[in-house]
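Have a look at the structure below, then the notes.
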Amino acid sequence: MKLYNSLTKKFEKIKPLKSGVITMYNCGPTVYWRMHVGNLRAYAEWDILHRALLYLGYDVRRVMNFTDVGHMTDDDDFGEDKIEEVASEKGKDPSEVANYYIGTVIEDFYKMNFLSPSGEVVHPDTDIHELGKYGWARATEYIDQIIDFVKKIEENGFTYETEQALYFDISKYDDYDRMFKQDLRDKKVGAREEVEVDPQKKNPADFVLWMKKVGKYEKHIMAWDSPWGVGFPGWHIECSAMSCDILGDKFDIHTGGIDHIPIHHTNERAQNFGAYKHEVVKYWVHNEFIRTPKDEKLSKSKGNALTLDEIVEAGIEPMDLRYHYISVNYRVPLQFNWEALEGSRRSRLSLIKKISNLDSDGKGGNLLNDYVEKFENLLKDNLNMSGVFALISELLKSDEKPEDIVKTILDFDRVLGLNICESLKSTEGLSKEVQELLKKREVARNEKDFEKSDSLRDDIGKHGFKVLDTDDGQKVERI
Ligand code: AMP
Ligand code: ZN
């Protein structure tokens, strides 16, 4: 498979460190609010990558973290800890906040049909303390490993200590800005007024490995003992420590959104070198953003950083959103707008209708090897997903046997993850929303409230189904 490596700025053929096995780390969310459509895009892309690698026969060893400490509201280290800020606003303990939002991540993963790092779709009722089993790693559960990692960097001479923190000294690493060329003198320290700056910090771009529970952080709740005093880890160090602890000091793929290139991943790479004196990650792969039509970042305050539940409330189902993301390549910038989402919704429903018109469940059919080969080649070509959807259209128009076409598309759905098989089945495959609406309509009809029943029929229509009232009750057909 070929992917774009942000470090070499080239498309590169993936040659795994160990034949047949891919080791991959995905930067996970900071669990202080519900994931928004931007975060969901990132995880949709890495879900496709994971599924494509499995389809191509690799054994995938993947890890994704939950950041539950150390990610500051300001990238220059001296903001507020995002989790502690929300905890104090809500009068809760930071671990309660993190637990709650980790639960919502698992729920969103489930609804979006995203695989867990271990390769399963995990039910949201799963005990939060069992998540390690599924390849999730929580920063606060890796404090010992983080401290050991920082010790290695210190022993190798890449750090200095001030009264407030232990820093990574970027002047000790010549190759610091290879992934993102930057004029390091320009990096502003404490650009925002409320940010307190450490007067003993040598270079604005040096970054915190361990923050001490002193000064403005005297009251920080999450704190652990360490060789540099009681305190808490910086944000970047957790990813280096967790990835190397679980995957080893050399692994294949590290992913994240493009926002991570200048700071988070540049710093992770520096820490890795500080600890091991060699390159740890072979391929750095980044997803483009979904932004506003004015090319601005989605933000909670502007009200456009919508959550999955808000999208569903507006009549777009999780599988529509999934289709929206996976029908383009991870490097294509996307705009967030309702017309485009509506368009993806129509395309998905039309795909399901075309398959259902073939009137076959694919059982007894044969895989069409020519198409499978083309499909694999498209995946290998830097995940050419628009090519994949064009191939599916071509297959649906072909004069191959219907059962072979359906069998082949259902096989492709191991990668697409659109739950095509479930969508083809009748009512039991309907989304929860449609089932709810049907139940309400049945009640309305029993109560002879025909106005309400007609309006519910329209609502069901918006989900792509026509309701037929038969002697055996309501039946639905795809529009
Ligand atoms: P965070 O919780 O901010 O660390 O974000 C979790 C993941 O979502 C990271 O990999 C980010 O790069 C990614 N991400 C954040 N915003 C967007 C966006 N608007 N579009 C795509 N990816 C995003
Ligand atoms: Zn990370």
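Atoms within a ligand are numbered from 1 in the order they appear, just like the ligands themselves.
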Assert yes or no for the condition that the ring centre distance of [X] to [Y] is strictly below 6.0 Å.
X: F149; Y: Y276; answer: yes
X: H236; Y: F207; answer: yes
X: F232; Y: Y217; answer: yes

For the residue pair [X] and [Y], categorise the inter-ring angle as parallel (less than 30°), tilted (30 to 60°) or perpendicular (more than 60°).
X: W210; Y: W228; value: tilted
X: W235; Y: H264; value: parallel
X: W338; Y: F336; value: perpendicular

When you measure from [atom] to every protein heavy atom, which one gives the shortest distance, and what is it?
atom: atom 12 (O) of ligand 1; answer: D259 OD1, 2.5 Å
atom: atom 20 (N) of ligand 1; answer: I290 N, 3.0 Å
atom: atom 2 (O) of ligand 1; answer: T30 N, 3.0 Å
atom: atom 13 (C) of ligand 1; answer: A42 CB, 3.8 Å
atom: atom 6 (C) of ligand 1; answer: Y43 OH, 3.3 Å

May I ask which of [options] has a heavy atom nearer to [atom] than the others do?
atom: atom 3 (O) of ligand 1; options: V31, N39, N65, T292; value: N39
atom: atom 9 (C) of ligand 1; options: H260, K82, H71; value: H260
atom: atom 22 (N) of ligand 1; options: G38, C27, G257; value: G38
atom: atom 16 (N) of ligand 1; options: W235, F289, Y32; value: F289

Under 4.0 Å from any heavy atom of E288, which atoms of ligand 1 are there?
21 (C)
Ligand 1 atoms in contact with H36 (distance to a heavy atom under 4.0 Å)
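With H36 as reference, the close atoms of ligand 1 come out as 16 (N).
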Do any of the N/O/S atoms of [X], backbone or side chain, fall under 2.8 Å from the Zn ion (ligand 2)?
X: C239; answer: yes
X: C27; answer: yes
X: H264; answer: yes

Ignoring hydrogens and geometry, is there a side-chain-to-backbone donor-acceptor pair from N329 to N382 under 3.5 Å?
yes
Within the side chain of E310, is there an N or O that forms a donor-acceptor pair under 3.5 Å with the backbone of T307?
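The answer is yes, because a donor-acceptor pair under 3.5 Å joins these two groups.
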Of the side chain and backbone of N287, name the one, both, or neither that has a heavy atom under 4.0 Å from an atom of ligand 1.
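Side chain only.
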Before you tell me yes or no, could you show the steps for F389 and Y323 under ring pair (Phe, Tyr, Trp, His ring centres under 6.0 Å), namely the whole-Å CA-CA distance, both residues' side-chain angles and the distance that decides it to 0.1 Å?
CA-CA 10 Å; F389 281 89; Y323 184 100; 4.9 Å; yes
Distance in Å, L298 CG paired with H36 NE2, rounded so as to fall on 0.5 Å steps:
6.0 Å
